[in-house]
Amino acid sequence: MDRYRVIPGTAVDLGSLDPADTSAFSNGKSAAKTRLKALNDRMEALQELLFAEGRHKVLIVLQATDAGGKDGTIRHVFEGVNPQGVKVASFKKPTSRELGHDYLWRIHAHTPQTGQITIFNRSHYEDVLVVRVHSLVDRATWSRRYDHINDFERMLTDEGTTIIKFFLHISKDEQAARLRARLATPHKQWKFASGDLAERERWTDYQAAFENMLSRTSTDWAPWYVVPADRKWYRNLVISEVMIAALESLDMSFPPPQEGLEGIEIT
Ligand code: ATP
Ligand code: MG
């Protein structure tokens with residue numbers, strides 16, 4: 001899966017990365033689903049271990065355009081995991097109270113505690129994406145944020161957090177197909193927001209902002225992965241594989257049992 005990791009300091013050109021790529025898994029969709037099921041089971045076991053050991057914190061960041069698949073990713077990649085061990089923080093348009101603070105204030109409050117996995121559905125990266133595209137602050141202000149963010153994430157990792165960031169890369173055609181499906185399917189219509197169409201018109205500006213984000217903030221301590229996301233099954237598989245590998249590399253073990261358990265009889 002290393003092929004999808006953004007090497008720190010390299011320029012990302014999204015146009016040259018195929019959103020429909022499925023090259024790391026050539027056995028097709030149904031075999032992929034079987035594989036994902038096995039990974040889900042492994043994830044469940046690793047999450048329990050993470051909690052039991054109580055040494056690490058894990059932060060997953062998901063960014064994508066509208067209809068990029070953030071919700072579906074969370075549903076499929078974490079299927080079967082104990083809901084007590086995983087938290088999802090969704091970052092919407094900031095409230096006036098949140099805007100009264102620096103942009104990382106609301107983010108920091110949701111970072112994971114020991115033994116926990118937290119998924120950010122959107123994140124502090126909105127402050128160099130939508131904020132940049134819509135000029136909600138001036139250029140000098142958003143330009144400084146890449147460095148702030150790298151420093152913030154460095155601090156979190158120094159303090160025991162493992163950070164993995166996924167950008168779900170879909171094509172403009174695939175976004176159109178998904179928005180059309182939302183419009184046409186009664187049980188999906190609630191998800192359709194006409195505001196998404198206005199954002200779609202700024203597609204090029206967003207792609208440029210994504211490229212800058214990926215180039216400036218993929219670091220050794222908090223890498224970005226650009227996940228080909230036109231095929232949902234492939235997207236799920238890539239993210240699951242990366243996460244399992246990251247959790248395995250923490251080399252966790254269950255804490256020793258309390259002493260004298262051998263002698264105990266339950267009557
Ligand atoms: P869904 O897939 O269900 O549509 P969503 O994540 O798009 O989920 P919405 O409520 O539709 O949720 O959109 C949240 C909106 O909040 C997005 O348009 C996003 O750009 C915006 N937002 C998030 N963070 C910020 C921020 N810091 N400044 C301005 N807007 C923000
Ligand atoms: Mg939306």
Side-chain angles (χ1 to χ4, degrees), residues 19 59-78 86-111 118-150 152-153 165-172 174-214 216-217 227 229-230 232 235-236 239:
L59 175 60
I60 307 300
V61 173
L62 293 180
Q63 284 291 161
T65 60
D66 294 302
K70 297 184 275 46
D71 290 339
T73 298
I74 294 169
R75 236 177 316 123
H76 290 103
V77 171
F78 293 92
V86 179
K87 285 193 176 155
V88 180
S90 299
F91 294 98
K92 310 282 185 189
K93 215 162 162 284
T95 62
S96 58
R97 177 154 189 256
E98 287 169 343
L99 283 173
H101 293 268
D102 67 84
Y103 67 98
L104 291 174
W105 178 78
R106 66 171 183 159
I107 306 295
H108 201 170
H110 289 280
T111 52
T118 295
I119 307 155
F120 279 1
N121 179 351
R122 301 186 187 267
S123 66
H124 41 304
Y125 286 100
E126 293 291 326
D127 293 284
V128 291
L129 293 170
V130 62
V131 166
R132 164 178 163 162
V133 169
H134 286 272
S135 305
L136 300 181
V137 299
D138 60 28
R139 186 183 188 95
T141 303
W142 61 253
S143 310
R144 287 193 293 264
R145 291 181 173 173
Y146 301 101
D147 289 338
H148 299 158
I149 289 173
N150 287 338
F152 172 64
E153 292 180 351
K165 302 179 294 199
F166 297 103
F167 170 65
L168 312 183
H169 181 36
I170 63 165
S171 62
K172 200 173 177 191
E174 178 64 20
Q175 188 194 46
R178 291 183 189 181
L179 292 175
R180 263 182 228 119
R182 285 184 185 180
L183 208 51
T185 318
H187 73 270
K188 287 186 179 171
Q189 279 168 350
W190 67 273
K191 268 206 138 188
F192 186 83
S194 46
D196 291 355
L197 298 182
E199 296 308 286
R200 179 173 163 77
E201 286 182 16
R202 298 173 187 257
W203 180 271
T204 313
D205 292 344
Y206 270 107
Q207 294 301 109
F210 284 131
E211 285 175 345
N212 247 246
M213 167 192 88
L214 294 164
R216 296 279 312 268
T217 63
V227 181
D230 273 6
K232 294 171 182 170
R235 167 202 79 200
N236 294 340
I239 293 177

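One-based numbering, in listed order, for ligands and for the atoms of each. No hydrogens, no waters, no symmetry mates; every other heavy atom, side chains included, goes into these values. Residues: numbered from 1 along the sequence shown.
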* What closest approach, in Å, do Tyr125 and Val61 show between heavy atoms, and which atom pair accounts for it? -> CD1-CG1, 4.1 Å
Give the numbers and elements of all ligand 1 atoms closer than 4.0 Å to a heavy atom of [X].
| X | value |
| --- | --- |
| Val131 | 28 (N) |
| Asp127 | 27 (N) |
| Lys70 | 6 (O) |
| Asp66 | 7 (O) |

* Step through it carefully: locate the ring centre of Phe152, locate the ring centre of His108, and say whether they are under 6.0 Å apart. => yes
* Show your reasoning for whether side-chain contact (heavy atoms from CB on, under 4.5 Å) applies to Thr111 and Phe120. => CA-CA 9 Å; Thr111 52; Phe120 279 1; 4.2 Å; yes
Indicate yes or no: does an N/O atom of [X] lie under 3.5 Å from an N/O atom of ligand 1?
| X | value |
| --- | --- |
| Asp196 | no |
| Arg106 | yes |
| Glu126 | yes |

* Asked: Under a 4.5 Å cut-off applied to non-hydrogen side-chain atoms, are Arg235 and Ile239 in contact?
  ->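 Yes - at least one pair of side-chain heavy atoms lies under 4.5 Å apart.
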* Asked: Would you say the side chain of Arg139 lies within less than 4.5 Å of the side chain of Trp142, judging by non-hydrogen atoms?
  -> yes
In terms of residue, atom name and distance, what is the protein heavy atom nearest to [atom]?
| atom | result |
| --- | --- |
| atom 4 (O) of ligand 1 | Arg182 NH1, 4.5 Å |
| atom 3 (O) of ligand 1 | Asp71 OD2, 3.6 Å |
| atom 21 (C) of ligand 1 | Lys93 N, 3.8 Å |
| atom 30 (N) of ligand 1 | Val130 CG1, 3.5 Å |

* Could a heavy atom of Pro94 be found less than 4.0 Å from some atom of ligand 1? ->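 True for this residue.
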* Tell me, please: is His124 in heavy-atom contact with ligand 1, that is, under 4.0 Å? =>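 For ligand 1, residue contact (heavy atoms, under 4.0 Å) with His124 is absent.
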* Arg122 and ligand 1 - part of the residue with a heavy-atom distance under 4.0 Å ->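 Near ligand 1, Arg122 shows its side chain, while the N, CA, C and O stay back.
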* Location of contacts on Leu129 toward ligand 1, heavy atoms closer than 4.0 Å -> neither
* Verify whether one side chain among Thr65 and Glu199 offers a donor that lies under 3.5 Å from an acceptor in the other. =>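 No, because no side-chain N or O of Thr65 sits under 3.5 Å from a partner of the opposite role on Glu199.
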* Asked: Thinking salt bridges, do Asp66 and Arg122 make one under a 4.0 Å N-O criterion?
  ->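 Salt bridge present between Asp66 and Arg122.
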* Inspect the contact between Asp147 and Arg216 and indicate whether a charged nitrogen and a carboxylate oxygen are less than 4.0 angstrom apart. => yes
* Nearest protein heavy atom to atom 27 (N) of ligand 1: under 4.0 Å? -> yes
* How far apart are the C-alpha atoms of His148 and Asp102, what are their side-chain angles, what is the distance that settles it, and do they pass the side-chain contact (heavy atoms from CB on, under 4.5 Å) test? -> CA-CA 11 Å; His148 299 158; Asp102 67 84; over 6 Å; no
* To do: Keeping the roles fixed (side chain from His134, backbone from Val130), state whether a donor-acceptor pair exists under 3.5 Å.
  =>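 Looks like no, no N/O pair under 3.5 Å.
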* Taking Gln63 for its side chain and Ser123 for its backbone only, find out whether a donor-acceptor pair lies under 3.5 Å. =>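 Checked: pair present.
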* Of the listed options (Lys92, Arg178, Glu98, His134), which comes nearest to atom 8 (O) of ligand 1 when hydrogens are ignored and any heavy atom counts? -> Lys92
